[in-house]
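As structure tokens, the structure follows; a few thoughts come after it.
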Amino acid sequence: MIVDDLLAPCPAGAGRYAPSPSGDLHLGNLRTAILAWVLARRTARAFHLRVEDLDRVREGAAERQLEDLAAIGLDWDGEVTWQSQRAAAHEQAIQTLREEGQVYECYCTRREILEAPSAPHAPPGAYPGTCRQLTDAQREAGRAKMRELRREPALRLRASVESWRVQDLWAGNVDGAVDDLVLRRGDGVVAYNLAVVVDDAAAGVDQVVRADDLLSSAPRQAHLAHLLGYKQPHYAHVPLAVNTDGARLAKRDGAVTLRDRLDLGESADDVVERIGSSLGVPGCRTARDLLEQWEPAALVRDPWVVDLAR
Ligand code: GLU
């Protein structure tokens, strides 16, 4: 199934690719980046790059990622956004929600959350709501506990819905759980779910293409966008790349990055061709060939099994 409406031209909109600079991009990441670029360009959108460097940053990785994306033929509009430089906007969004009474402090440790009995009907892993309704005295005790642990209280959304619907190009309508998600962590770092929503909206991004391990986060993020008064983006979640054992592709699987492939004597065009073959369009040597030839409707939704022996 494909939601054709999501492929309508939208010159006022924008797509983006938003890697975390934790290391070099592997073939699966590069495939997702190409598809994000192709879908943006196909629908007459701008295309932005955002480095999600709030945590898990490896020195120099972002610069290498940008070089690799350029080497496989992707271009982007405007300056690269660095998420770590957007703290004021993130805090402003938290403040907006706070003023509306939609934020509460949470004093739970990770262990306490894991050990707490979960609320009836709650999705697995959902926050059990321990700190949602506390008396002033309980809050004071919570703050004292945080001082002892040398942490800030985390800030959570006081969710007013249990689920939210998004539209995904390939998955169609997806209803997903919304819980009292973390907005700012106990170490003071703003949560990914909030940062991504604020930064996409600020950049005019209305098309979110990324790996489908994030599909289950999309309803939460879209709900946050709604609460902050932003337009809900269109989504297109791309299947993950896996190794021949079916595990998520990783560095330990061998020569999985562009630089690894170049070291083996391949060219960037060979890498693009491999990615094109995985998308059912063999013989495409450049990202531009893929832009012209790849049909979104033909995407196979199973993970891409990367067999480096071939
Ligand atoms: N930074 C995230 C990642 O590299 C992607 C976030 C997103 O595209 O929304 O997995």
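Counting starts at 1 for both ligands and their atoms, in listed order. Because the structure is predicted, anything quoted here is derived from the model rather than measured.
Of all protein heavy atoms, the one lying nearest to atom 5 (C) of ligand 1 is Ala18 O, 3.4 Å.
Heavy-atom contacts of Val196 reach the following atoms of ligand 1: 9 (O) (cutoff under 4.0 Å). Heavy-atom proximity to Glu52, at under 4.0 Å, picks out these atoms of ligand 1: 1 (N), 2 (C), 5 (C), 6 (C).
Taking distance alone, with nitrogen or oxygen atoms compared against 3.5 Å, Arg210 approaches ligand 1 more closely than that limit. Backbone and side-chain nitrogen or oxygen atoms of Leu214 are examined, and none is located within less than 3.5 angstrom of a nitrogen or oxygen of ligand 1.
The proximity of Arg16 to ligand 1, defined as any non-hydrogen pair under 4.0 Å, is limited to the side chain. For Tyr192, every heavy-atom contact with ligand 1 shorter than 4.0 Å involves the side chain, none the backbone.
Considering every non-hydrogen atom in both Val190 and Ala195, the closest pair reads CG1-CB, 4.3 Å. Annotation for Val196 and Gln83: closest pair N-NE2, 3.9 Å, computed over non-hydrogen atoms.
Ion pairing of Lys145 with Glu148 is absent here, as no side-chain N (NZ or NE/NH1/NH2) approaches a carboxylate O to less than 4.0 Å. No salt bridge links Glu115 with Arg110; every basic N to acidic carboxylate O contact stays at or beyond 4.0 Å.
Considering only non-hydrogen atoms, atom 4 (O) of ligand 1 lies nearest to Ser20 out of Ser20, Ala211, Ala218, Pro233.
Checking each of Leu49, Asp199, Asp77, Val208 against Arg16 for a side-chain contact (heavy atoms from CB on, under 4.5 Å) leaves exactly one that passes, namely Val208.
Side chains of Asn29 and Thr32: a donor-acceptor N/O pair is absent below 3.5 angstrom, by distance only.
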